[in-house]
Amino acid sequence: MFSDEYFMRLALKEAEEAYHQGEIPVGCVVVSQNRIIARSHNLTETLNDVTAHAEMQAITSAAEFLGGKYLKNCTMFVTLEPCVMCCGALNWAQISRLVIGARDEQRGFISKNLSLHPRTEMSTGILEAECSEIVKQFFRERR
């Protein structure tokens with residue numbers, strides 16, 4: 001069995017890919033039964049689409065893999081706390097578990113007092129320093 005840190009490191013690799021593409025470095029993997037069924041990173045600039053967040057891309061890919069819209073018995077590992085839009089999508093997808101690297105106090109769903117599906121379990125702070133640093137470095141370089 002793999003650890004949360006193991007899968008978060010894979011999500012960080014996706015964030016690094018986004019970083020190198022000039023995208024806000026958020027990465028994500030979706031796991032079912034210890035198997036990665038989807039991986040993604042932000043593509044908003046590449047696709048010129050404000051909805052092309054890592055989480056949205058992963059939800060679509062995982063649902064296609066599973067052949068249905070619900071992500072029951074799946075865990076999403078995401079390097080940065082999802083926004084309100086992504087929280088809504090995760091709620092509708094009924095994801096079983098969400099593992100967050102770093103919090104996003106400004107745009108994240110937690111500080112907006114929103115919640116996921118009632119059955120969704122959530123963990124935060126997995127590889128928090130690494131997940132936070134890549135975002136900070138990205139914006140330092142652009143300001």
Side-chain angles (χ1 to χ4, degrees), residues 2 4-117 119-143:
F2 298 100
D4 286 353
E5 290 80 11
Y6 172 82
F7 287 117
M8 188 61 74
R9 287 200 191 287
L10 297 176
L12 266 168
K13 286 188 184 299
E14 289 294 321
E16 289 167 6
E17 181 62 30
Y19 179 92
H20 294 302
Q21 292 177 11
E23 299 277 358
I24 295 174
V26 177
C28 177
V29 296
V30 177
V31 176
S32 177
Q33 299 176 352
N34 269 333
R35 178 178 175 202
I36 295 174
I37 62 168
R39 60 179 71 225
S40 63
H41 54 271
N42 274 357
L43 291 170
T44 59
E45 300 299 325
T46 302
L47 299 177
N48 197 28
D49 179 354
V50 297
T51 68
H53 291 192
E55 301 94 326
M56 301 296 279
Q57 301 297 309
I59 290 167
T60 300
S61 182
E64 185 175 314
F65 178 87
L66 294 171
K69 61 185 175 181
Y70 298 117
L71 302 184
K72 294 179 179 178
N73 302 312
C74 293
T75 300
M76 177 180 283
F77 294 85
V78 63
T79 58
L80 189 66
E81 177 185 341
C83 71
V84 171
M85 173 184 69
C86 294
C87 172
L90 288 164
N91 187 337
W92 286 112
Q94 298 181 25
I95 192 130
S96 295
R97 186 165 177 246
L98 176 65
V99 180
I100 299 168
R103 293 281 313 277
D104 184 348
E105 299 293 336
Q106 291 181 327
R107 297 184 183 263
F109 78 93
I110 296 170
S111 60
K112 307 287 189 243
N113 293 319
L114 297 175
S115 60
L116 298 163
H117 190 273
R119 291 189 195 102
T120 301
E121 296 176 20
M122 185 176 70
S123 303
T124 61
I126 306 300
L127 301 181
E128 183 174 11
E130 295 97 320
C131 292
S132 178
E133 183 54 34
I134 192 170
V135 175
K136 289 177 183 175
Q137 180 180 342
F138 178 84
F139 285 111
R140 273 195 305 266
E141 292 173 2
R142 278 149 183 81
R143 291 186 177 138

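Keep in mind that what you see is a predicted model, and the values were worked out from it rather than measured.
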query: Between E81 (side chain) and R103 (backbone), is there a donor-acceptor pair under 3.5 Å?
result: no

- prompt: Sub-3.5 Å donor-acceptor pair from the side chain of N42 to the main-chain atoms of I24, do we have one?
  reply: yes

- prompt: Out of curiosity, T120 OG1 to N91 CG, how far, rounded to the nearest 0.5 Å?
  reply: 7.0 Å

Side chains of residues 58-72: which donor-acceptor pairs under 3.5 Å do they make with residues two or more places apart or in other chains?
{"unit_1": "T60", "atom_1": "OG1", "unit_2": "M56", "atom_2": "O", "d": "3.1"}
{"unit_1": "K72", "atom_1": "NZ", "unit_2": "Q94", "atom_2": "OE1", "d": "3.4"}

query: Any donor and acceptor pair, going by atom type alone, linking the side chain of S40 with main-chain N or O of A54 inside 3.5 Å?
result: yes

- request: Compare all side-chain heavy atoms of C74 with those of S32 and state whether any distance is below 4.5 angstrom.
  value: yes

message: If the test is side-chain hydrogen bond (donor to acceptor under 3.5 Å, both in side chains), which one of H20, E14, K13 qualifies with H41?
response: E14

- prompt: Do the charged groups of R9 and E16 touch, with an N to O distance under 4.0 Å?
  reply: no

- prompt: Would you say D49 has more than 12 foreign heavy atoms packed within less than 6.0 Å of its CG?
  reply: yes

message: Surrounding CZ of R119 (heavy atoms of other residues, nucleotides or ligands, distance under 6.0 Å), is the total greater than 12?
response: no

- request: Using a 4.5 Å cut-off on heavy atoms from C-beta on, say whether the side chain of I36 contacts that of L10.
  value: yes

query: Any donor-acceptor pair under 3.5 Å linking the side chain of E23 with the backbone of T46?
result: yes

message: Check whether Q57 reaches the backbone of L43 with its side chain - one donor and one acceptor, N or O, closer than 3.5 Å.
response: no

- prompt: Looking at N34 and F2, what are the two nearest heavy atoms and their distance?
  reply: OD1-N, 3.7 Å

message: What verdict does the side-chain contact (heavy atoms from CB on, under 4.5 Å) test give for M85 and V50, after you've listed the backbone C-alpha separation in whole Å, the side-chain angles of each residue and the deciding distance to 0.1 Å?
response: CA-CA 10 Å; M85 173 184 69; V50 297; over 6 Å; no

message: Counting C-beta onward and ignoring hydrogens, is there a side-chain heavy-atom pair between H117 and L90 closer than 4.5 Å?
response: no

message: I'd like to know if the side chain of S123 reaches the main chain of V99, judged simply by a donor and an acceptor atom lying under 3.5 Å from each other, with no hydrogens or angles considered.
response: no

- line: Interatomic distance, CD@Q137 vs CZ@R142, rounded to 0.5 Å, equals 9.5 Å

query: Are L116 and I95 close enough that some pair of their side-chain heavy atoms sits under 4.5 Å apart?
result: no

query: Between T124 and I100, is there a donor-acceptor pair closer than 3.5 Å when you use the side chain of the first and the backbone of the second?
result: no

